[in-house]
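See below for the structure under consideration.
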Amino acid sequence: MFREGLENKFPSIDEDTATSRILSANFLACGGKPDKTRYIVSFGQSSLMDEIPLSMPPQHLIISVTDDCAPTQEVVSKLRTYRTEGYRILMDGKAMTNEWRNHLELVDIFSISMERSKPSDWENVISQYSQQVFWPER
């Protein structure tokens, strides 16, 4: 998550600028040769369509799709391309119940809020989607 300064809040800049700053601060500033670190970077619809994730090698990037990104035909196609290129896709667990539910095969990792749900709420879903990773967060 992008944060600027000491406050734990998103600054008033657009998400594409935040994504660019994260990429340049963490990957490009390392001379393009990070160690085995994987970065989870949030991408909105315009960044996905502009192929910004391709600026990092797939072995170092997990593409986190922002909640406001809609599963348009173009976005779904781009995500399929990213997966083919070796990128991993992360989405919020809300994708299970919103308009993304018809495209869950694109998701490698689901981020699950433990503040909004209990682990027992996810037992059936986790067994149904055993190929995906479920990552609890607070």
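Values below: every heavy atom of this structure, side chains too, minus hydrogens, waters and symmetry copies. None of the values given here were measured: they were computed from a predicted structure.
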- Message: If you count heavy atoms of other groups shown closer than 6.0 angstrom to CG of N102, is the number above 12?
- Response: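 Result for CG/N102: enclosed.
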- Item | Neighbour count above 12 (heavy atom, 6.0 Å) for Q131 CD |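 Check fails, neighbour count at 12 or below.
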[atom1] of [X] to [atom2] of [Y]: how many Å apart, nearest 0.5 Å?
X	Y	atom1	atom2	answer
S111	I40	OG	CD1	8.5 Å
S64	L90	OG	CG	4.5 Å
Y82	S77	OH	OG	10.0 Å
D92	D67	CG	CG	5.0 Å
M91	H103	CE	NE2	9.0 Å

Just wondering, do [Y] and [X] contact through their side chains at under 4.5 Å, heavy atoms?
X	Y	value
V76	W100	yes
Q45	T66	no
W122	I112	yes
R83	R88	no
V133	F110	no

- Query: If you measure from the Lys or Arg side-chain nitrogens to the Asp or Glu carboxylate oxygens, is any gap between E105 and R80 under 4.0 Å?
  - Reply: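 So E105 pairs with R80 through a salt bridge.
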What closest approach, in Å, do [X] and [Y] show between heavy atoms, and which atom pair accounts for it?
X	Y	result
G44	C69	C-SG, 4.4 Å
P53	S47	CD-O, 3.6 Å
L104	M96	CD1-SD, 3.6 Å

- Please confirm whether the backbone N or O of P58 pairs with a side-chain atom of E85, one donor and one acceptor, at under 3.5 Å? no
- Item | Option passing side-chain contact (heavy atoms from CB on, under 4.5 Å) with M56 (candidates L61, I63, I62) | L61
- Checking side chain to side chain contact (heavy atoms under 4.5 Å, CB included) for the pair L48/L79: CA distance, chi angles, key distance, verdict? CA-CA 8 Å; L48 292 170; L79 291 176; 4.3 Å; yes
- Steps toward side chain to side chain contact (heavy atoms under 4.5 Å, CB included) verdict (I109, F134): CA-CA 6 Å; I109 304 165; F134 289 81; over 6 Å; no
